[in-house]
S.K.: 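There's a structure below that I have some questions on.
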Amino acid sequence: MTAIRMVSSVLLLVLMQSGALCARRFRGGRNPQPRRAPPPPTYRADRGDTTESFPLDFTAVEENMNDFMTQVKNLAQSLYPCSAQKLDYDMKLNFLENTSVTCNDGSPAGYYLKESRGSRRWLIFLEGGWYCFNKENCDSRYETMRRLMSSSKWPQTKTGTGILSPLPEENPHWWNANMVFIPYCSSDVWSGVTAKTEQSGYAFMGSLIIQEVVKDLLNKGLDNAKVLLLAGSSAGGTGVLLNVDRVAELLEGMGHTGIQVRGLSDSGWFLDNKQYHCTDCVDTVSCAPTETIKRGIKYWGGVVPEKCKQTHEGEEWNCFFGYRVFPSIKSPVFVVQWLFDEAQLTVDNIQLTGQPVQEGQWRYIQNLGIELRNTLKDVPAMFAPACLSHEVITRNYWIDVQVKGTSLPRALHCWDRILHDNRNNKAPPKGCPVHLIDSCPWPHCNPTCPTIRDQFTGQEMNVIQFLMHMGFDVQKMAQQQGMDPSKLLGMLSSGS
């Protein structure tokens, strides 16, 4: 058996390299986002056209060589003849079998699926897209962002990027999983269980949609799964925190006790902090985070994890904020959060476009980073770069961002191995960090952050240009740090 595995490992490695080469030939037709230039070599070695090296992972096919060889056969067939065919990477649209569970406007809810025959790993992704919290702003949302409230114009296929990509070069650890994308059409942070009424005018069934998707997938191979990763970004990231235990309990209640349910929350760890400037609560952008959720949870008929509900009885809105709900979650969850999240700053009434920020705004932004660090310090598995951005796991540059020399895909791989070893009473692997948080104090002080472009010129800005644009006072900051201004500029330039 060992010899077979060694041969299979070599074969899969060759096929993966061939797949990456073949994929590059066809990526031009996929309309990918432009990849940004590699960061300075002072932070990490320049990779050129190579990808980060990951050890092959057999957790998806452990103790089942027939399934493994099925995957190898499928991959080989997809690559031959590589230059003469268009590879089918798309996820296909499926509507729910239970037609009573709908989008906001009563149209059928559904999901996109790309099966990976032979794989026992499933990734279910929850889309983000803010929310609405009363009849007026839901009506406005329906007029301006209808695709987030209705399935009437959903395309038949969807191409996965980032952690949903089937390309090993873009998604080194999860490329061969069964991929599921659930479009966000409930406007309730995936928390609602309420059918459409005359009073509300809309259905809010986000939590029920997740449950029904899982039930449908059991007939498509999920019943044989080993790992189910419930992932999501923004409102979808918060949705993961609210629903990961509900999914685990659903599967356990249906007798599928062998499926390991885990969560991956990206950019959904919001703070219930005080706004920089308080404004009238008109819409989701102008309202304080706590006020919108207080109003929304009543309007949606939202549900929260039972233990968190008991802790915050009568004030269940608290459970929509990561640091408050996290202690009540039983399933393993990996948290990904930018320390200077653009959506958080937006609801806090910090505007980073136009005129340079004032000193008070600059202090507020720095304090936000400190507050986020404090709320994340007890989260065992997390990845928190000091960047100004929002969402990352479905971006095709997600492999480029690093914290302390470790990329996000690598950190997720380590987390996967640690959970696997814990279940088998093995010692955790060495040199495999999963608690990764930047210590530098300014937005974009990490040189692997995504590129920022000037809103008006469209030109890329380096870290110094960006900080100066935000009103960063080099002289004053150097004085506070007890160093020469030229030395501080040098450190910023090199990414130190």
Side-chain angles (χ1 to χ4, degrees), residues 31-36 91 112 123-131 145 147-148 158-165 170-171 174 179-190 206 229-244 263-271 284-285 289 320-322 333-348 350 352-353 368-369 372 376 379 381-403 407-409 411-412 436-438 443-444 446 448-453 455:
N31 247 354
Q33 300 175 9
R35 295 182 69 88
R36 60 181 183 77
M91 298 177 279
Y112 290 85
L123 194 159
I124 299 178
F125 179 83
L126 309 180
E127 186 184 22
W130 292 93
Y131 47 86
M145 294 185 283
R147 74 164 191 86
L148 293 175
K158 189 171 186 65
T159 301
T161 54
I163 200 169
L164 293 173
S165 171
E170 188 174 330
N171 187 16
W174 279 89
M179 301 294 188
V180 181
F181 179 99
I182 312 183
Y184 184 38
C185 68
S186 57
S187 308
D188 56 2
V189 199
W190 298 96
L229 181 64
L230 182 67
S233 295
S234 194
T238 307
V240 169
L241 301 175
L242 295 175
N243 287 281
V244 64
L264 171 59
S265 174
D266 166 31
S267 303
W269 188 275
F270 292 101
L271 299 182
T284 53
V285 175
F320 283 76
F321 297 95
V333 175
F334 192 107
V335 175
V336 180
Q337 186 64 43
W338 304 109
L339 290 180
F340 304 96
D341 187 275
E342 287 178 317
Q344 179 76 54
L345 288 168
T346 297
V347 297
D348 288 339
I350 292 286
L352 298 178
T353 57
L368 174 64
L372 266 167
L376 290 167
V379 177
M382 43 82 74
F383 187 88
C387 305
L388 177 71
S389 194
H390 186 62
E391 302 187 1
V392 65
I393 62 174
T394 56
R395 311 300 190 200
N396 59 12
Y397 57 72
W398 79 303
I399 194 171
D400 296 333
V401 182
Q402 296 190 1
V403 174
S407 70
L408 177 52
L412 287 171
L436 293 157
I437 184 165
D438 268 332
H444 264 57
N446 178 335
T448 69
C449 289
T451 297
I452 286 186
R453 294 181 180 276
Q455 183 191 20

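Computed from a predicted model, the values in this text were never measured in an experiment.
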S.K.: List the atom of S234, the atom of E391, and the distance in Å for their closest heavy-atom pair.
M.R.: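 Looking at all heavy atoms of both residues, the shortest contact is CB-OE2, 3.2 Å.
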
S.K.: Work out which heavy atom in P450 is nearest to a heavy atom in Y397; give both atom names and the distance.
M.R.: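 Looking at all heavy atoms of both residues, the shortest contact is CG-CE1, 3.6 Å.
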
S.K.: In chain order, what residues pass the ring pair (Phe, Tyr, Trp, His ring centres under 6.0 Å) check against F270, with sequence neighbours excluded?
M.R.: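 Applying ring pair (Phe, Tyr, Trp, His ring centres under 6.0 Å) to F270 gives none.
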
S.K.: List for me each residue that meets side chain to side chain donor-acceptor pair (under 3.5 Å) alongside E127, sequence neighbours excluded, and say none if there are none.
M.R.: R147

S.K.: State, yes or no, whether a side-chain contact exists between V392 and V336 at a heavy-atom distance under 4.5 Å.
M.R.: yes

S.K.: Would you say the side chain of T161 lies within less than 4.5 Å of the side chain of E170, judging by non-hydrogen atoms?
M.R.: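 Yes, close enough: below the 4.5 Å cut-off.
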
S.K.: For D438 and P385, work out which heavy atoms get closest and say how close.
M.R.: OD2-CA, 3.3 Å

S.K.: Y112: which residues meet the ring pair (Phe, Tyr, Trp, His ring centres under 6.0 Å) condition with it, sequence neighbours left out?
M.R.: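 Residues passing ring pair (Phe, Tyr, Trp, His ring centres under 6.0 Å) with Y112: none at all.
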
S.K.: If we only count heavy atoms from C-beta on, is the N171 to W398 side-chain gap below 4.5 Å?
M.R.: yes

S.K.: Calculate, to the nearest 0.5 Å, the distance between atoms NZ and CG belonging to K158 and L164 respectively.
M.R.: 9.0 Å

S.K.: In Å and rounded to the nearest 0.5 Å, what is the CD1 to CD1 distance from I399 to I393?
M.R.: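 So the gap between those two atoms works out to 14.5 Å.
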
S.K.: In Å and rounded to the nearest 0.5 Å, what is the CD to OG distance from E342 to S267?
M.R.: 9.5 Å

S.K.: As an exercise, state the distance from SG of C185 to CG of L148, rounded to the nearest 0.5 Å.
M.R.: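 If I round to the nearest 0.5 Å, the distance is 9.0 Å.
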
S.K.: Sequence neighbours excluded, which residues qualify as side-chain contact (heavy atoms from CB on, under 4.5 Å) partners of S186?
M.R.: Y184, D188, I209

S.K.: Enter the distance from W269:CH2 to M382:CE here, rounded to the nearest 0.5 Å.
M.R.: 8.5 Å

S.K.: Only counting residues at least two apart or in another chain, list the ones meeting ring pair (Phe, Tyr, Trp, His ring centres under 6.0 Å) with W174.
M.R.: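 In terms of ring pair (Phe, Tyr, Trp, His ring centres under 6.0 Å), with neighbours along the sequence ignored, W174 is linked to no residue.
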
S.K.: Where the side chain of D266 meets the backbone of S233, is there a donor-acceptor pair that is under 3.5 Å apart?
M.R.: no

S.K.: Search all heavy atoms of L271 against all heavy atoms of L368 and return the closest pair with its distance.
M.R.: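 Shortest heavy-atom separation between L271 and L368 comes out as CD1-CD1, 3.8 Å.
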
S.K.: Identify, with sequence neighbours excluded, every residue that meets side chain to side chain donor-acceptor pair (under 3.5 Å) alongside S187.
M.R.: N104, R141

S.K.: Using modelled atom types only, decide if a donor and an acceptor are shared between the side chain of N446 and the backbone of Q402 within a distance under 3.5 Å.
M.R.: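 Side chain of N446 to backbone of Q402: a pair is present.
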
S.K.: By side chain to side chain donor-acceptor pair (under 3.5 Å), which residues pair with D341, not counting sequence neighbours?
M.R.: Q337, H390

S.K.: Working note: L408 + V401, criterion side chain to side chain contact (heavy atoms under 4.5 Å, CB included); need CA distance, chi angles, decisive distance, verdict.
M.R.: CA-CA 7 Å; L408 177 52; V401 182; over 6 Å; no

S.K.: Could you check if a side-chain atom of D400 sits within less than 4.5 angstrom of a side-chain atom of T448, using non-hydrogen atoms only?
M.R.: no

S.K.: Output yes when a side-chain donor or acceptor of H444 lies under 3.5 Å from a complementary backbone atom of L388, and no otherwise.
M.R.: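 Between the backbone of L388 and the side chain of H444 there is a qualifying donor-acceptor contact (under 3.5 Å).
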
S.K.: Could you give the side-chain donor-acceptor pairs of residues 235-244 under 3.5 Å, partners two or more places apart or in another chain?
M.R.:
from, atom 1, to, atom 2, distance (Å)
T238, OG1, G268, O, 2.9
N243, OD1, S207, OG, 2.8
N243, ND2, W190, O, 2.9
N243, ND2, G239, O, 2.9

S.K.: Taking ring pair (Phe, Tyr, Trp, His ring centres under 6.0 Å) as the definition, give me every residue that meets it alongside F340, ordered by chain and number, with sequence neighbours left out.
M.R.: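 Ring pair (Phe, Tyr, Trp, His ring centres under 6.0 Å) list for F340, sorted by chain: empty.
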
S.K.: Contact between I163 and L264 at the side-chain level, heavy atoms closer than 4.5 Å - yes or no?
M.R.: yes

S.K.: Considering non-hydrogen atoms only, spot the tightest contact between A411 and L436 and give its length.
M.R.: CB-CD1, 3.8 Å

S.K.: Check step by step if side chain to side chain contact (heavy atoms under 4.5 Å, CB included) holds for L412 and F334.
M.R.: CA-CA 8 Å; L412 287 171; F334 192 107; 3.6 Å; yes

S.K.: Nearest 0.5 Å, please: how far is CD1 in I124 from CD1 in I182?
M.R.: 5.5 Å

S.K.: Residues two or more places apart in sequence or in another chain: which of them pass side chain to side chain donor-acceptor pair (under 3.5 Å) with W338?
M.R.: none

S.K.: Show the numbers, then the answer: is there a side chain to side chain contact (heavy atoms under 4.5 Å, CB included) between L376 and V335?
M.R.: CA-CA 9 Å; L376 290 167; V335 175; 3.9 Å; yes

